[in-house]
Student: 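Before anything else, here's the structure in question.
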Amino acid sequence: MQNQVGTLLHKYDQRVPRYTSYPTAPHFGPQIQAEDYRRWLAELDPAAALSLYVHIPFCDSLCWFCGCHTKIVKRHRPIEQYLEVLAREIDLAADALGARRQVCHLHFGGGSPTILTPKEIGRLFTRLRRHFDIPAEADIAVEIDPRDLDMAVIPALARGGVKRASIGLQDLNPKVQAAVNRMQSFDETEEVIETLRAAGIDSINIDLMYGLPHQDVACVEATIDSALSLEPDRLCLFGYAHVPWMKKHQRLIDEAALPGPEERFAQYMAAADRLTGAGYRWIGLDHFARPGDTLAVAAREGALKRNFQGYTTDDAIARIGFGPSAIGAMPQGFIQNTAAMPEYRDAVARGELPIARGRALSGDDRLRSAVIERLMCDLSVDLGRIGEDFGVGGAAFADEIEALSGMCADGLLDIESGDSGPVIRITAKGRPFVRAACAVFDSYLNPGETRHARAV
Ligand SMILES: C[S@@+](CC[C@H](N)C(=O)[O-])C[C@H]1O[C@@H](n2cnc3c(N)ncnc32)[C@H](O)[C@@H]1O
Ligand code: SF4
């Protein structure tokens with residue numbers, strides 16, 4: 001068994017994207033600029049509800065594994081200055097939209113959004129509500145680092161309408177925590193979750209990681225047992241993406257202490273076993289939810305979506321991103337804000353939307369995006385039906401079907417004949433390798449490209 005896993009990992013644990021979008025962010029380019037985005041915003045259907053993402057790129061200490069776009073600050077002044085720019089950026093986007101729009105999803109990500117003071121949180125909500133209708137039923141979520149959290153931010157979040165919180169937990173083992181510079185106790189995590197629930201923010205997600213230095217199956221399982229005692233609605237299980245060529249601070253991590261591919265795989269599978277054994281539904285690659293949670297319901301109904309935050313129920317036609325590095329997804333294509341704070345600030349000061357790059361979608365991009373999203377979300381895709389929807393017919397993917405024959409022979413997926421063309425179904429054995437199947441449909445992917453982290 002172990003050898004078989006080793007062979008599969010060797011063949012399919014390629015460095016492939018996580019497919020939170022297609023085309024993926026490395027294929028956005030300078031050909032899409034602020035004036036394109038301004039036009040795209042103006043073209044949006046005024047009746048359609050939008051999704052908003054607000055990025056807060058600050059933390060007060062650095063986790064050495066961190067792959068997020070954040071900056072460590074010891075003083076509050078840079079955050080205050082940033083919030084002024086962010087408010088202006090929100091004004092600029094609202095101006096380009098022209099009319100007041102309804103919002104169905106709002107996500108505060110980071111970095112650590114709870115680094116803001118309660119007053120700043122209140123002002124940010126006021127600014128957003130000045131331009132957007134955010135109804136009581138809107139899905140408003142925030143990412144929370146529970147360490148040293150100022151509990152006074154929790155009522156401020158609740159007053160703003162936040163209903164869901166995503167708590168970073170990662171691993172509770174002190175040796176692992178020391179190796180990644182993130183000391184976090186179970187008790188402080190529990191206290192934050194209890195305070196959130198008492199304030200009415202009662203949909204709780206917990207982020208866990210595997211593949212960290214010194215982690216082994218036993219400590220992943222122990223962390224999961226502790227996490228389960230907190231009765232979260234959802235859990236995300238992220239494999240540590242070690243990309244020191246992109247995230248220089250990851251060089252602080254002792255590579256000799258990192259688990260190898262087979263050990264990572266064992267941690268992932270042990271975690272999934274534990275979570276499904278506790279009654280959580282395994283969703284896509286790395287999310288777990290209680291059967292009654294909206295994410296699990298969407299998965300059952302084939303309505304699950306995937307965006308830059310991972311799996312989601314967010315089906316808005318457009319997502320507007322605010323803050324440096326934020327990515328927006330429009331019916332016309334993707335846009336990404338500049339990541340560098342000085343450029344971001346200067347663009348906004350000039351009254352320009354701070355776009356660095358983007359990608360207009362071609363017909364082929366939309367077709368492949370639909371295939372990849374269904375594979376990532378449903379672990380199956382009816383190529384015939386999607387081909388019909390896009391007017392290309394069921395035979396459009398003959399080369400890809402051919403390219404999948406190896407995965408099929410290895411028992412990772414089945415290819416059946418549907419009413420209008422082939423249907424691909426990822427098997428239970430193949431789930432960890434679903435990204436490798438998606439990569440076959442990715443016409444931008446350069447074989448052997450080493451930009452991405454390991455698939456499993
Ligand atoms: C923006 S952080 C969450 C909020 C908060 N900053 C925290 O860390 O608690 C989002 C999540 O991404 C995951 N993450 C960060 N860096 C990662 C990496 N290099 N590989 C895989 N997952 C990572 C962690 O699980 C983290 O909780
Ligand atoms: S993992 Fe979270 S808290 Fe740690 S540096 Fe990254 S964004 Fe900040």
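Here the structure is a predicted model, which means the values were calculated and not measured. Computed from heavy atoms alone, side chains included, the values below leave out hydrogens, waters and symmetry copies. Just so you know, ligand 1 is whichever comes first in the structure, and atom 1 is the first atom listed for that ligand.
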Student: Please compare Gln309, Arg147, His242, Glu143 and report which has the shortest non-hydrogen distance to atom 4 (C) of ligand 1.
Tutor: Glu143
Student: Relative to the heavy atoms of Gly110, which atoms of ligand 1 are at a distance of less than 4.0 Å?
Tutor: 1 (C)
Student: Checking contacts here: is it the side chain or the backbone of Met246 that comes within 4.0 Å of ligand 1, counting heavy atoms only? Could be both or neither.
Tutor: neither
Student: For atom 9 (O) of ligand 1, which candidate among Lys247, Arg182, Arg18, His55 holds the nearest heavy atom?
Tutor: Arg182
Student: Scan side-chain atoms only and decide if His105 and Gln309 contain a donor-acceptor pair under the 3.5 Å cut-off.
Tutor: no
Student: May I ask whether Arg147 has any heavy atom positioned less than 4.0 angstrom from an atom of ligand 2?
Tutor: yes
Student: Less than 2.8 Å away from atom 4 (Fe) of ligand 2, how many protein N/O/S atoms can be counted, ignoring water?
Tutor: 1
Student: Can you confirm whether the side chains of Arg234 and Thr294 place a donor and an acceptor under 3.5 Å from each other?
Tutor: yes
Student: In ligand 2, which numbered atoms sit nearer than 4.0 Å to a non-hydrogen atom of Gly111?
Tutor: 7 (S)
Student: Output yes when the distance from some N or O of ligand 1 to some N or O of Tyr240 is under 3.5 Å, and no in every other case.
Tutor: no
Student: Indicate whether any N or O donor in one side chain lies under 3.5 Å from an N or O acceptor in the other, for Tyr444 and Asp365.
Tutor: yes
Student: For Ile167, which part has a heavy atom under 4.0 Å from ligand 1: side chain, backbone, both, or neither?
Tutor: neither
Student: Are any of the N/O atoms in Cys59 less than 3.5 Å from those in ligand 1?
Tutor: no
Student: Considering only heavy atoms of Gln250, which atoms of ligand 1 have at least one such atom less than 4.0 Å away?
Tutor: 19 (N)
Student: How about Asp410 and Tyr12: does a side-chain donor come under 3.5 Å of a side-chain acceptor?
Tutor: yes
Student: Which atom names give the shortest non-hydrogen contact between Gly284 and Tyr311, and what distance separates them?
Tutor: CA-OH, 3.4 Å
Student: Do Ile144 and Leu149 have side chains that approach each other closer than 4.5 Å (heavy atoms only, starting at C-beta)?
Tutor: yes
Student: Specify side chain, backbone, both or neither for Met209, according to which of its non-hydrogen atoms lie closer than 4.0 Å to ligand 1.
Tutor: side chain
Student: Anything under 30° is parallel, anything over 60° is perpendicular, the rest tilted; go ahead and classify Phe433 against Phe265.
Tutor: parallel
Student: Hey, which atoms in ligand 1 end up nearer than 4.0 Å to a heavy atom of Cys66?
Tutor: 16 (N)
Student: Using a heavy-atom cut-off of under 4.0 Å, does the side chain or the backbone of Phe238 touch ligand 1, or both, or neither?
Tutor: side chain
Student: Counting non-hydrogen protein atoms only, what is the nearest one to atom 10 (C) of ligand 1? Give residue, atom name and distance.
Tutor: Asp207 OD2, 3.8 Å
Student: For Leu208, is at least one N or O under 3.5 Å away from an N or O on ligand 1?
Tutor: no
Student: What atoms of ligand 1 come closer than 4.0 angstrom to any heavy atom of Ser112?
Tutor: 5 (C), 6 (N)
Student: Test of understanding: given a 4.0 Å heavy-atom threshold, classify the contact between Ala241 and ligand 1 as side chain, backbone, both, or neither.
Tutor: both
Student: Show the atoms of ligand 1 that are less than 4.0 angstrom away from any heavy atom in Gly168.
Tutor: 9 (O), 27 (O)
Student: Parallel, tilted or perpendicular: which one describes the rings of Phe288 and Trp282, with boundaries at 30° and 60°?
Tutor: parallel
Student: For the residue pair Asp60 and Ser112, establish whether any side-chain heavy-atom pair is separated by less than 4.5 Å.
Tutor: no
Student: Nearest to atom 21 (C) of ligand 1, what protein heavy atom do you find, and at what distance?
Tutor: Gly239 O, 3.3 Å
Student: Closer than 4.0 Å to some heavy atom of Gln170 - which atoms of ligand 1 meet that?
Tutor: 8 (O), 24 (C), 25 (O), 26 (C), 27 (O)
Student: Checking Tyr19 against Asp442: is there a side-chain donor and acceptor pair closer than 3.5 Å?
Tutor: yes
